[in-house]
Structure formats: C-alpha cells, structure tokens
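The shown structure was predicted, so the numbers you read here are calculated from the model rather than taken from an experiment.
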Amino acid sequence: MKKIAIIGSGPTGIYTFYHLLKNSTPLSVSIFEQSEDAGVGMPYNDDDNSRLMLANIASIEIPPIFMTYLDWLKEQSDAHLARFKVDKARLHDRQFLPRLLLGEYFRDSFRSIVKEAKKRGFQVDVHESAQVTDIVPAKEGVTLSVNDSAFPERFDLAVIATGHVWPEEDEATRTFFPSPWSGLMDASIPPCRVGIMGTSLSGLDAAMAVVMQHGAFRDDKFVLDKGSEALNIVLMSRTGILPEADFYCPIPYEPLSVLTERAAESEIAKGSDGLLDRIFTLMVKELQLADPIWCEKISLHKQNADSIREAWFEDRKLHGPFTWAEDNLKEVEKNKRERRTVAWRYTVLRMHEVVQEIVPHLSEEDKKRFKQGLARVFIDNYAAIPPQSIRRLLALREAGIISVAALGDDYTLDVGSERTVITTKETVYQFDVFIDARGQKPLKTKDLPFPTLRKQLEATGEEIPDIGEDYTLKAPDTVRGRIAFGAIPWLMHDRPFVQGLAECAEIAEAMAKAAEKTASRSRRRLPYIEN
C-alpha cells in the first residue's frame, strides 16, 4: 500500500482524508494530531472557544462530508442542541451556530471517514497527542519526528495540513495575549480596562471571552455581574470601522457577466503592466451592469483601484460605528426575511475569487496598491459577520461596557509588563489587559516549525515554498512530489483570500490527487512582500 501521512486533523486534514477515499486502490493513512482529539480543529475545539463564539459560515456554504451540516444537526437530540441555545425546530441552512457545535460535526465526520476507509480496505492509524516536530524528506520517502522522537514508519507522501499558526501560549502574560487563542479562554481577566486590537469577528470573539467572565446575555441584553462595574473594553483598528452583518444572497453563486475567469485570463495574458487598472475597469463595468444606482451614489465612474477603498468605507465613516451597525443590522435582517439580494454587495462577493487569480501576475508596485486598496474592500465584503455577533456588540454598548477607537495610520504600541500604552496623534490609551486580535499573518519558509524541511527549502533561496497545482513542493529534488503543502499561512501570499472552509476543501481535494500522481505544472506564486 502507498503510505500517506496527514499532519493535522482540522478541516484541511479532514477533507484531505475524505477525498483520499476516491483513490482507486486502498491506501495506508496515518493521521497525526497534536491535540487530544483528532478531527476537530483549533477554530472549533472547546479549548479555544466558548459557546458564545459563532462560526462565520452557515450549513449551505460548508462542503458536506457524507451529509450536510444541517442534516447532521437534525440528527442531534433536542436536549443536546439546547445546551448551545439552538432550537431544533427552527434550524435552517443559513443559520450561524456556535463553533463548538461545528467542531462536533467535524469530529463525527472524521470518525465516519475512518470507518468508511477501513470498510474499503484502507489501513488507518490515528495518532492523538502527537505533535510532528520534524519532517525529513528523502528520495526513499518521508520520515517524521513525533513529540521529538523518530517515528518508525516511512511515508510516500506527507500532507501538511496544520492550519493557522498562532503565537505560543507561553508568550502570553496575565496582561498581554498575542492572539485570542494564546491562553485567553483559560485566563482570569479581572474587571479592568481591556484593549483589543482588531474590530473583525476575531476581535469580537476576544471581547466575548472577556465579558463571559463578568455577566451574561439575556434576550439581547447584557447583564453585568455585581463587582464587575470597572470592566471597560475598547475595540481598536486603524479606521475604527466595524464589519457588516452577513447579507442574503443566492448560493451557489450566479455567474458574472463581465469579469469572468476567461476575461481575467485574457487580461493576464496581456502582461503585468497596467493589469490591476484593466481589471478594475472590468469590475466597474460589472458593477454598473448589476447596480447602476449604487454606482452613481459612490461616483464609481470617477474611482480607480486606489480611491475605491475610501469610497467603499465613506458611508460608515460618516456615522458613529454603533449607529451604523444598528442600521446595517436592521437592513440585513429585513433583506433576509424578504430574501432580497443587494446587487452591489453580491457582485463584489462573486468578484473576489476571480480577482485573486491576477494577484501573482501583478507588478511589484501594483501588488502594494492592491494590498492597500482593493484587497481591503474584498476582505470587508466576504468577512461579513453573523448578525447575532452584531446584536451582542450592540448589547455591550448599551450596557456601557464597550467602545470603538480609530487609531489612524500613525500610532505607537508599547506592550509593558504592567500595562499596554497606545499613543496616537490625538490621544494616549492605557490598558491593564491587551489582546492582539488582528488575525493570521502570512508566513515565510523561515517560519516553518519543521527544522529539516525548513533547511531544505531555505537552501533553494526561495522565501516562500514553491508548490505545484496539487500543492506538492517542487524543490529541492528530495522534496519534489513527496510533500503536499496545505498550510494556510504559507499560502496567503498568492491567495490573499484563502481562509475559509470552502478553500480548505478545495486545497484538500487537490492534495488528495497527489496520492496518485505528481503535479504537471507549477502554481502561480506571489513573491513575499513585507507588511
């Protein structure tokens, strides 16, 4: 049997295992999971999440594993779902539910894959509490170190599906957390002044991890415990802009009319000079066709790839963040009840995947322009958050617990042992506890946690891994075709919008094909750009 090692059993690893079942002949599959429970994944486990934290994806968008998430939910007991405050009678496929519940779906799905694989003649070994500490590729195969000890088996293919990479918990202190997943869930946060860097869903999740220690939500109101009156939370970002609530739209996506994949490929073929501006012209035509009234409102015909960011956020900047959030929530919920699609929002949502394909082909200058402009627009659009998260945010505001601050582009951050100080042009903020919730940052080869593989890749002179269409590493020769590289932080350079379950499943399907053959050509790559 061909021997496959899957390193990591979160969503990417699970979907890879699932797609391996399509292999024409049985395989020997070994799964290595550093946590105690394989088949859950950090974003959905009970160590890093609470029942208040919502998954930012609904059943209709989750690639099914044997059955849809909604069908799995309907098989659960009323009492079990009630533990998560989920009413079984009101389940639907566009619902945002607790991350822990989605983790249970993945855990059950993983068990089903193991059972089905064995039924089909696969040899399956699941190793839990097994951290892969080194990967050693050679022409004879791939060997691993697990928990710093050599693993006896040699593999034909090793799949790296390690997911997000956050700072180690030992980097956190009682006053500073380098990410919301660096011990925050287990920490005792006193009622004090708390600063959270980041106003996206990760920032809101960090706020929930704090407030759950000092009160409770009751009917969209937050009731603060006695003795916790000193709790004060400030959400911060450069702009101080809050995300939109998730909006209604047809799924699967309807095709675009102007900015199609073929149109984008045609523009790529013309060369990198002026590519970003040519693509923006097609974006304008697509939007004008879809929603001419909105285009006129923001004077889209006068915008370019650089100014569109200001035009996109202008309406939100004219209002206070909470006033705008309340109005947006009312609009979104009304549209969902009426199944009304806002054409410009839906069009931008569909365009981001097409535009992503041009990114590796942009000139160095245009890559920077894209990152500062259009990328911010697309990320804001597709990273809309569950309406319930907005309702909770508004409840915390009404309770006088939370506020939002715009820091601007010029500020200093000083993380001290006793308090964190942020200095802007206008004011100085001091926090007793500080949480950095700005999300995953792209990583380079030098950041790989596997020493031998890292040295081999660094010897090629490339700052980021060179991968094929099936995500197998292309160089050096000892690695070629033996390592499938599906670790999200290292893929974000040429795929800036890669984070999400649909993307995990797509990457996994491609990597599973590597079990049968080697990629025939390289994927396009984006050279690393320092933040």
Side-chain angles (χ1 to χ4, degrees), residues 8-16 40-45 48-49 53-58 60-63 69 96 99 102-103 106 159-167 178-182 197-206 237 243-244 246 251 253 348-357 359-360 370-371 374-386 389 436-444 447 464-465 467 471 484-511 523-526 528-529 531:
S9 68
T12 303
I14 294 169
Y15 281 113
T16 301
V40 181
M42 183 280 299
Y44 312 110
N45 66 34
D48 299 294
N49 298 276
M53 294 180 177
L54 300 176
N56 196 21
I57 188 169
I60 194 171
E61 300 174 274
I62 299 172
Y69 183 34
F96 295 100
R99 291 184 184 181
L102 183 51
F106 279 125
V159 175
I160 301 177
T162 46
H164 290 285
V165 177
W166 307 113
S179 85
W181 301 278
S182 300
M197 186 66 81
T199 54
S200 67
L201 186 59
S202 295
L204 269 62
D205 281 344
S237 66
E244 285 195 317
D246 184 79
I251 298 174
Y253 295 160
V348 173
L349 180 64
R350 288 175 291 159
M351 287 194 296
H352 85 270
E353 293 180 351
V354 178
V355 174
Q356 178 173 249
E357 293 304 312
V359 174
F370 177 79
K371 184 177 179 181
L374 277 174
R376 304 289 177 90
V377 170
F378 285 127
I379 291 170
D380 177 72
N381 175 259
Y382 75 70
I385 67 176
S389 295
D436 193 334
R438 285 177 286 188
Q440 179 68 65
K441 296 177 176 62
L443 299 179
K444 294 194 287 186
D447 302 308
I464 57 174
I467 57 175
Y471 292 85
F485 200 95
I488 297 297
W490 286 269
L491 302 178
M492 290 171 63
H493 301 285
D494 67 336
R495 297 186 65 184
F497 313 132
V498 74
Q499 303 178 72
L501 291 179
E503 289 78 11
C504 287
E506 175 192 320
I507 293 167
E509 185 171 14
M511 292 195 297
R523 284 180 49 82
R524 298 182 289 269
R525 296 188 306 121
L526 173 64
Y528 180 78
I529 301 175
N531 288 319

Checklist entry - Mind checking whether Tyr44 and Phe106 have parallel, tilted or perpendicular rings, split at 30° and 60°? => result tilted

Checklist outcome for this item: Between Ala505 and Pro63 the two heavy atoms that sit nearest each other are CB-CG, 3.6 Å

Checklist entry - Any side-chain heavy atom of Ser200 sitting closer than 4.5 Å to one from Ile385? => result no

Checklist entry - Hey, what do you get for CD1 (Ile488) to CG (Leu443), rounding to the nearest 0.5 Å? => result 11.5 Å

Item to check | Closest heavy-atom pair and its distance - Gln499, Gln440 | outcome: OE1-CB, 3.7 Å

Checklist entry - Do you know which two heavy atoms are closest between Ile14 and Val40, and how far apart they sit? => result CD1-N, 4.4 Å

Checklist entry - Ser179 versus Asp436: any side-chain heavy-atom pair under 4.5 Å? => result no

Checklist entry - Between the side chain of Arg99 and the main-chain N/O of Met53, is any donor-acceptor distance below 3.5 Å? => result no

Item to check | Spacing of CD1 belonging to Ile57 relative to CG belonging to Leu501, to within rounding of 0.5 Å | outcome: 4.5 Å

Item to check | Which residues share a side chain to side chain contact (heavy atoms under 4.5 Å, CB included) with Ala510, sequence neighbours left out | outcome: Tyr471

Item to check | Side-chain touch Asp246/Pro386, heavy atoms, less than 4.5 angstrom | outcome: no

Checklist entry - So do the side chains of Arg438 and Ser202 get within less than 4.5 Å of each other, counting heavy atoms only? => result no

Checklist entry - Heavy atoms, side chains only, cut-off 4.5 Å: are Asp494 and Val359 in contact? => result no

Next on the checklist: Show the nearest heavy-atom pair for residues Gly41 and Pro11, with the distance to one decimal.
Outcome noted: CA-CD, 4.3 Å

Checklist entry - How far apart are the C-alpha atoms of Ile507 and Leu491, what are their side-chain angles, what is the distance that settles it, and do they pass the side-chain contact (heavy atoms from CB on, under 4.5 Å) test? => result CA-CA 10 Å; Ile507 293 167; Leu491 302 178; 3.7 Å; yes

Checklist entry - Any sub-3.5 Å donor-acceptor pair from Glu61's side-chain atoms to Ala502's backbone N or O? => result no

Next on the checklist: Tell me whether Glu244 contacts the main-chain N or O of Asp380 through its side chain, where contact means a donor paired with an acceptor under 3.5 Å.
Outcome noted: no

Checklist entry - How far apart are the C-alpha atoms of Phe96 and Leu102, what are their side-chain angles, what is the distance that settles it, and do they pass the side-chain contact (heavy atoms from CB on, under 4.5 Å) test? => result CA-CA 10 Å; Phe96 295 100; Leu102 183 51; over 6 Å; no

Item to check | Minimum heavy-atom distance between Gly13 and Ala161, given as atom pair plus value | outcome: N-CB, 3.6 Å

Checklist entry - If you take all heavy atoms of Gln356 and Pro496, which pair is closest and at what distance? => result OE1-N, 3.3 Å

Item to check | Any donor-acceptor pair under 3.5 Å from His164 side chain to Ala487 backbone | outcome: no

Item to check | Nearest-0.5 Å distance that lies between atom CG in Asn381 and atom CZ in Arg376 | outcome: 15.5 Å

Next on the checklist: Please determine whether side-chain contact (heavy atoms from CB on, under 4.5 Å) holds for the pair Glu503 and Glu353, giving the CA-CA distance in whole Å, both sets of side-chain angles, and the decisive distance to 0.1 Å.
Outcome noted: CA-CA 10 Å; Glu503 289 78 11; Glu353 293 180 351; 4.3 Å; yes

Next on the checklist: Can a donor-acceptor pair be found, under 3.5 Å and without considering hydrogens, that links the side chain of Thr16 to the backbone of Thr12?
Outcome noted: yes

Item to check | Under 3.5 Å donor-acceptor, Tyr15 side chain and Gly10 backbone | outcome: no

Next on the checklist: Walk me through whether Arg495 and Glu506 qualify under salt bridge (Lys or Arg N to Asp or Glu O under 4.0 Å).
Outcome noted: CA-CA 13 Å; Arg495 297 186 65 184; Glu506 175 192 320; 3.2 Å; yes

Item to check | Verdict with reasoning, Val355 to Phe370, per side-chain contact (heavy atoms from CB on, under 4.5 Å) | outcome: CA-CA 10 Å; Val355 174; Phe370 177 79; 3.7 Å; yes

Checklist entry - Between Phe497 and Tyr382, how do the two ring planes meet: parallel, tilted or perpendicular, split at 30° and 60°? => result perpendicular

Checklist outcome for this item: Sequence neighbours excluded, the answer for salt bridge (Lys or Arg N to Asp or Glu O under 4.0 Å) partners of Glu509 is Lys22

Next on the checklist: Does any part of the side chain of Leu201, heavy atoms only, come nearer than 4.5 Å to the side chain of Ser389, both counted from C-beta?
Outcome noted: yes

Next on the checklist: If we ignore hydrogens and angles and just use 3.5 Å, is the side chain of Trp490 paired with the main-chain N or O of Pro442 as donor and acceptor?
Outcome noted: no

